[in-house]
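Below is one structure, written out as structure tokens; the observations come after it.
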Amino acid sequence: MRLAGQLKGGYYPTPPRVVDHIRSLLMAPIRYGRNRDDIVRLLDPCCGPGDALSQLAGSMNRHVPIETYGVELHQERAQEAAERLDHALSSDLFRCSIANRAFNLLWLNPPYDHDREDKRVEHAFLTHCSRYLEPDGVLVYIIPRSQIATSARFLTTNYRRVRVWAFPEPEREQFDQVVVLGVRKPQPRPDARAMADMLASSGDLEPLRHDLRPEYDVGMSAPGPVMFTTRVIDFSKAVAEARKRGLWTQDEITDAFWPPTDRSTRPLMPLRKGHLAMLVAAGFLDNLELETPESRVLVKGRTTKEMVLVEEGETHDVYREQLQTSVVTLDLDSGRIERIEA
């Protein structure tokens, strides 16, 4: 990939005019003969700021409910997608959990690059994302023309009615991109003739244009939530969610840990030195203000460990740890400081 492409994370957005041309090949769903509650789900696993999928959904039949789903690795673009799409994840696609066979159309414009094993990223996205399409769902696959041969066998095995169109001029000048459309088969089945036809026609492709006849029917699915989440925890979002719905939002929990009022209590028996030492060690005397009729003092306690020699030997000495507790008082009236060792 060129340096400019690497800086963009391999992201090459589909031009709006090309989106319109692709839309002309799609037959938008209609209500007639369908369950009146059915919806259309569109998925873009490399959605960028969500422009292409939002544009496609906006041009479809608005008499049927359409839900748009997008995944974007780049955080800033993902934030933009969240404003344009119904559901957007800021995550690596391969760290997401997405329902299989749940989407009616897959819009796939993957990064154009090689992975660490020198395999094409476009093909990896195709093989991974095809599982998300329902049987008879429509694939829109946008790749450089040079990569048709890489994915031809997989496409013709898993999709029927596979056709390829070239980007129009001037959009194809930079990468010579093509768009592949197909309908997912219920079960994979190799088709050697379709593969041969696809490869043979790749050198002389019909360009996309606005007046193409619709050839691919976008279906509908039963309503209801589908799995669409990331397996990576975003701690900022987790904290925000905890503040909205976590345990600390329940009054009975917060009242148990932090009573609404502070009430002083008197012990049943006078405290011994050991009790006082534990209070100091626990920090209960830190910055505590004590007041008597004669004075006001500020108290700070501290407990440290010291090594004390308990036995001297010819070869080695024996030391033991010993807790050393001290209390420092500051007379707030006179400024006198006293240290009490225990």
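Heavy atoms only: backbone and side chains are in, while hydrogens, waters and symmetry mates are out. No experiment lies behind these values; they were computed from the predicted model shown.
Annotation: Ile233, atom CD1; neighbour count of heavy atoms from other residues, nucleotides and ligands within 6.0 Å does not exceed 12. Around the CD atom of Gln75, the shell of radius 6.0 Å holds no more than 12 heavy atoms that belong to other residues, nucleotides or ligands. Heavy-atom contacts from other residues, nucleotides or ligands closer than 6.0 Å to CE of Met307 number more than 12. The number of heavy-atom neighbours closer than 6.0 Å to CG of Asp317, taken from other residues, nucleotides and ligands shown, is above 12.
Between Arg209 and Leu212 there is a side-chain heavy-atom pair separated by less than 4.5 Å. A 4.5 Å side-chain heavy-atom check between Leu126 and Glu122 finds every atom pair outside the cut-off. Asn109 is not listed as a side-chain neighbour of Cys46, based on a closest heavy-atom distance of 4.5 Å or more. Annotation: side chain of Cys129 is in contact with side chain of Leu93 (closest heavy-atom distance under 4.5 Å). Residues Met195 and Thr157 have side chains not in contact (no heavy-atom distance under 4.5 Å, counting atoms from C-beta outward).
For the atom pair OG1 (Thr329) and CG (Leu298), the distance works out to 9.0 Å, reported to the nearest 0.5 Å. One distance of note links CG of Leu133 with CG of Leu105; it measures 7.0 Å at 0.5 Å rounding. Here Glu76 contributes atom CD and Ser90 contributes atom OG; the two are 10.5 Å apart, rounded to the nearest 0.5 Å. Note that CG of Asp44 is 9.5 Å distant from CG of Leu56, once rounded to the nearest 0.5 Å. Taking CD of Gln147 as the start and NE2 of His123 as the end, the distance is 10.0 Å to the nearest 0.5 Å. Asp86 contributes atom CG, which lies 9.0 Å from atom OG of Ser54 (distance to the nearest 0.5 angstrom).
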* To do: Any chance you could lay out the side-chain contact (heavy atoms from CB on, under 4.5 Å) test for Val328 and Arg339, step after step, and finish with the verdict?
  => CA-CA 4 Å; Val328 178; Arg339 183 183 299 272; 3.6 Å; yes
Practice item. Take Thr249 and Arg243 through the side-chain contact (heavy atoms from CB on, under 4.5 Å) test and state the conclusion after the steps. Key: CA-CA 7 Å; Thr249 62; Arg243 288 173 176 170; 5.8 Å; no
Under the criterion side-chain contact (heavy atoms from CB on, under 4.5 Å), I'd like the reasoning laid out for Val232 against Asp92: C-alpha separation, chi angles, the key distance, then a yes or no. CA-CA 9 Å; Val232 179; Asp92 179 349; over 6 Å; no
| message | Is there a side-chain contact (heavy atoms from CB on, under 4.5 Å) between Tyr141 and Leu155? Walk through the geometry before answering. | response | CA-CA 10 Å; Tyr141 184 41; Leu155 285 166; 4.3 Å; yes
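In this structure, Arg145 contributes its side chain and Ile148 its backbone to no donor-acceptor pair below 3.5 Å. Looking only at distances, a side-chain donor or acceptor of Arg231 sits under 3.5 Å from a matching main-chain atom of Cys96. Looking only at distances, no side-chain donor or acceptor of Arg320 sits under 3.5 Å from a matching main-chain atom of Val310.
A donor-acceptor pair shorter than 3.5 Å cannot be found between the side chains of Asn158 and Ser130. In the model, Ser24 has no side-chain atom that pairs as donor or acceptor with a side-chain atom of His210 under 3.5 Å. Donor-acceptor pairing under 3.5 Å is recorded for the side chains of Gln177 and Tyr112. Side-chain atoms of Thr150 and Arg120 form no donor-acceptor pair, as typed in the model, at a separation below 3.5 Å. In this model, no donor atom of one side chain and acceptor atom of the other lie less than 3.5 Å apart for Ser295 and Asp331.
The nearest pair of heavy atoms linking Ala222 to Asp38 is CA-OD1, 3.6 Å.
Under a 4.0 Å N-O distance rule, the pair Arg184/Glu134 does not qualify as a salt bridge. Arg163 has a carboxylate O that lies under 4.0 Å from a charged side-chain N of Glu206, or vice versa, which qualifies the two as a salt bridge. Comment: Arg101 does not engage Asp136 in a salt bridge, judged by the lack of any side-chain N to carboxylate O separation of less than 4.0 angstrom.
No single ILVMFWY cluster, assembled from side-chain heavy atoms under 4.5 Å apart, contains both Tyr69 and Met220.
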